[in-house]
Participant: 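Dropping the structure in here first, questions after.
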Amino acid sequence: MGKILLMFANANSIHTKRWAIAMQQRGMRVHIISRYGADLGRDIAVYPLQSDTQNRKKSRLYLLWHMVKIPFLVRKINPHIVNPHFLSSYGLLAGFTNFRTLHLTAWGSDILQVPNKKPHIRFLLKILFYKARSYNTDSEIVFQQIAKTYTQKTGHIIKWGTNMDIFTPTKKPIAPFTIFSNRLWERIYYIDIIIEAYALFRKKYAHPSCLKIAGFGTLESKLKTVAGEGVVFVGTIKSESEMATALHNSHLYISIPETDSGGVSVIEALATNTPVIVSDIAGNKAFDVTKTPINAQHLAQKMLQIANNYDDYLKIHKNIGADIRKNNNRCAFMDKAFCILNDS
């Protein structure tokens, strides 16, 4: 029998699902403690801490009560390794158990953003890293921040990677010129700036175009209010094949978050040879693509530049895409993750 892996993570997150399924496929017995439940198949057990998503006050009381029960639940599962994902929330929850074999998985904003806004979280993370045996993250910038602020213990860079069987280059449709974005509808992702920039772009671009926005979030009503002609909200992308199809049918992908580390959707776009515009932030330095300040006027100019010289940009991104497909194979990264966890 394989080792028992207990994850503390958001079971509804696509990253959690991919990680858990990959470890289960490699022989581990996977359990997940999550704030809310999710169906990951009969071979992966999910333990929701609470189910009332409507009443927030009641929800917090449920969560507090279940926190008391977590150590007992961990003893019942009796894992070989505890592996929390997103350290400023689930990581602290896992640290509360004082489990001896603790491997941390940092996602990005839990290291780069949350501790800067909440100093007490930085203090608690230092304790968490002190307790941990090892850790991994998906980018060099997060790795450097952890080494600088939290620990000198052994760490690993394990990218989320991309399914190269699905995210493949294809011939782009002729028209309309389709711009696509798939990030959460929350403040730090600046979907409103993308919408504003598209309105400026549409006034100057001489050919048919549209902006397709995928995702979900608390800003849904606001974004739909400010969206003008040509903007289409396509809702949540539910699978990798759906994401790949959306990219195959798009001419340009835009992701301009305030902070980021791995940029999975950016890697997926580049793997399909789709030109990309990203925000000019530290987390995007590794991408040799068009960068912009988080500003509607600047973004609109970049959009026009690419649209009016599309064949040139497509040639550039064919070379970038080949490099991405060579160095971002998810299967290889999940093999590495399994070896690290299995040896813990």
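Just so we're clear, the structure is a prediction, and the values are computed from it rather than from any experiment.
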Participant: Is there side-chain contact between Gln144 and Glu140, with at least one heavy-atom pair below 4.5 Å?
Facilitator: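 When only atoms from C-beta onward are counted, Glu140 and Gln144 do touch, with a gap below 4.5 Å.
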Participant: Is any side-chain heavy atom of Thr272 closer than 4.5 Å to a side-chain heavy atom of Thr170?
Facilitator: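 No, every pair of side-chain atoms sits at 4.5 Å or beyond.
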Participant: Report yes if the side chains of Leu73 and Thr97 come closer than 4.5 Å at any heavy-atom pair, otherwise no.
Facilitator: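 In short, these two side chains do not touch, never coming nearer than 4.5 Å.
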Participant: Taking the side chain from Asn10 and the backbone from Ser34, do they hold a donor-acceptor pair closer than 3.5 Å?
Facilitator: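 No, the answer is negative, given that no donor and acceptor are paired below the 3.5 Å cut-off.
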Participant: Do the side chains of Arg29 and Asp43 get close enough for a salt bridge, i.e. N-O under 4.0 angstrom?
Facilitator: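 No, Arg29 and Asp43 are not salt-bridged.
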Participant: For the residue pair His31 and Tyr47, is the inter-centroid distance of their aromatic rings smaller than 6.0 Å?
Facilitator: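 Close enough - the centres of the two rings lie under 6.0 Å apart.
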Participant: Do Ile254 and Met303 come within less than 4.5 Å of each other through their side chains, counting heavy atoms only?
Facilitator: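 Ile254 reaches Met303 side chain to side chain.
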Participant: Would you please indicate yes or no on a ring centroid separation below 6.0 angstrom for His251 and Tyr310?
Facilitator: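 Under 6.0 Å, so yes.
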Participant: Taking side chain as C-beta onward, heavy atoms only, is Met243 less than 4.5 Å from Asn182?
Facilitator: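 Touching, per the 4.5 Å side-chain cut-off.
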Participant: Is the ring centre of Phe129 less than 6.0 Å from the ring centre of Tyr150?
Facilitator: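 Between Phe129 and Tyr150, the centre distance is under 6.0 Å.
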Participant: Does Lys203 count as lying over the ring of Tyr198, i.e. NZ or CZ under 6.0 Å from the six-ring centre, within 45 degrees of the axis?
Facilitator: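 Judged by the rule, Lys203 and Tyr198 form no cation-pi pair.
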Participant: How long is the straight-line distance from NE2 of His80 back to CZ of Phe99, given to the nearest 0.5 Å?
Facilitator: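 Output value for this atom pair is 8.5 Å.
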Participant: Using atom types as modelled and distance alone, determine if a side-chain donor or acceptor of Glu186 lies under 3.5 Å from a backbone N or O of Leu219.
Facilitator: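 Looks like no, no N/O pair under 3.5 Å.
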Participant: Under a 3.5 Å distance rule, please check whether Asn328 uses its side chain to pair with a backbone N or O of Ile324 as donor and acceptor.
Facilitator: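 Checked: pair present.
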Participant: Going from CD1 on Ile14 to CH2 on Trp19, what distance comes out if it is rounded to the nearest 0.5 angstrom?
Facilitator: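 If I round to the nearest 0.5 Å, the distance is 14.5 Å.
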Participant: Flag the pair Glu240 and Arg330 as a salt bridge only when some basic side-chain nitrogen lies within less than 4.0 angstrom of an acidic carboxylate oxygen.
Facilitator: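 Yes, Glu240 and Arg330 are salt-bridged.
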Participant: For Pro115, is there any backbone N or O sitting under 3.5 Å from a side-chain donor or acceptor partner on Arg122?
Facilitator: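 Side chain of Arg122 to backbone of Pro115, a donor-acceptor pair under 3.5 Å: yes, one is there.
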Participant: For the rings on Phe201 and Tyr205, is their centre-to-centre separation under 6.0 Å?
Facilitator: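 Yes, the ring of Phe201 comes within the 6.0 Å limit of the ring of Tyr205, centre to centre.
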Participant: Measure the shortest side-chain to side-chain distance between Val232 and Ile213 over non-hydrogen atoms and say whether it is less than 4.5 angstrom.
Facilitator: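 No, side chains not in contact.
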Participant: Please tell me if the side chains of Asp280 and Thr292 come closer than 4.5 Å, counting only heavy atoms from C-beta onward.
Facilitator: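 No, side chains not in contact.
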Participant: If we only count heavy atoms from C-beta on, is the Glu220 to Phe233 side-chain gap below 4.5 Å?
Facilitator: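 No, their side chains stay 4.5 Å or more apart.
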